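Here the structure comes first, spelled out in structure tokens, and everything after it is commentary.
All values derive from a computational prediction rather than experimental measurement. We count ligands from 1, going down the list as the structure has it; atoms in each ligand are counted the same way.
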Amino acid sequence: MVDTASADTDAAATPAGAAKVAAAAAGEVAAEVDAPGRKRMRDTELVVPMCYGTCAYWLGKKADEYHSHKWTVYLRGPEHEDLSHAIQKVVFNLHPSFKEPVRVLDAPPYEVTETGWGEFEIGITVHFVPDAGEKPLDLFAPLKLYADADALEKKPQQKNKPVVKEKYEEVVFHEPREVFHARLAAHTHRAAPESELTPVLSKRDDRDELLKIVTARKVVAERIGVLKQQLDALT
Ligand code: SLL
């Protein structure tokens with residue numbers, strides 16, 4: 001079963017600070033088949049952190065009014081790492097005014113770049129590797145083209161200043177399959193292929209905060225395990 005804990009950031013150039021953390025349920029345990037490696041590990045959870053959002057540039061006064069901005073929607077590892085050991089493909093659902101609005105990326109970088117004029121909500125569906133036995137995860141990234149009103153009051157739109165809206169999501173796999181657990185445990189950090197976005201999206205600076213959350217989750221999971229054992233002993 002997969003669920004998420006998320007934090008929102010909204011910044012002009014460098015996303016900073018986990019503003020809030022909220023738990024959101026998403027998905028149920030996929031249909032089980034009793035085959036080797038498919039067995040689920042009781043009282044265990046895996047956490048895969050991800051960042052996703054949009055990065056937009058104003059194209060200036062001379063730009064065509066229907067293509068006033070260039071933007072990219074993306075899903076990435078918080079440290080620009082390759083997530084393809086866990087992700088099979090990412091599907092981005094754009095507004096129907098775009099040609100071929102369903103874009104499928106089956107390798108990193110998971111990004112779509114377009115030009116347009118309006119803001120809308122972009123659907124992102126993350127499909128996990130088949131041996132995970134998990135349902136796809138639906139995320140939503142509101143495309144942000146304009147800086148906040150107070151920032152615009154201080155300084156009008158600038159051509160080279162990116163407007164970034166990013167969310168941080170901890171994807172939590174409850175009782176993962178043994179084979180998936182082994183795959184993630186054996187995985188070593190590998191950088192995703194570079195894109196134009198890589199230098200813009202600096203590495204997140206709220207690692208300490210996030211580490212605390214991950215540690216707290218582990219402590220709670222262990223405590224639950226102990227309590228379950230105690231309960232089993234009583235019954
Ligand atoms: C709005 N609800 O009214 C939104 C819709 C749609 C944006 C925004 C298309 C560009 C193209 C485009 O930018 N659509 O045709 O290539 O603000």
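Numbered from 1 in the order shown, with element, the atoms of ligand 1 that lie under 4.0 Å from a heavy atom of His95 read 5 (C), 6 (C). Of all atoms in ligand 1, numbered sequentially from 1 with element shown, those under 4.0 Å from a heavy atom of Gly116 are 10 (C), 13 (O).
Distance alone, capped at 3.5 Å, places no donor-acceptor pair between the Asp148 side chain and the Asp150 backbone. No side-chain donor-acceptor contact under 3.5 Å links His69 to the backbone of Glu119.
The protein heavy atom nearest to atom 3 (O) of ligand 1 is Trp117 CH2, 3.8 Å. The nearest protein atom to atom 2 (N) of ligand 1, hydrogens excluded, is given as Glu119 O, 3.9 Å; this is a heavy-atom distance. Atom 9 (C) of ligand 1 has as its closest protein heavy atom Ser97 OG, 3.4 Å. If you check which protein heavy atom lies closest to atom 16 (O) of ligand 1, you get His67 CE1, 3.3 Å.
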For this session: Please lay out, stage by stage, how Arg76 and Thr198 fare under the test side-chain hydrogen bond (donor to acceptor under 3.5 Å, both in side chains).
Result: CA-CA 10 Å; Arg76 66 180 179 96; Thr198 318; over 6 Å; no
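Distance check: Leu227 CG to Gln229 CD gives 9.5 Å after rounding to the nearest 0.5 Å.
Remark: distances from the non-hydrogen atoms of His69 to ligand 1 are all 4.0 Å or more.
Ring centers of Phe98 and Phe92: at least 6.0 Å apart, outside the cut-off.
At a threshold of 4.0 Å, the pair Lys165-Glu121 does not count as salt-bridged, since none of the basic side-chain nitrogens sits closer than that to a carboxylate oxygen.
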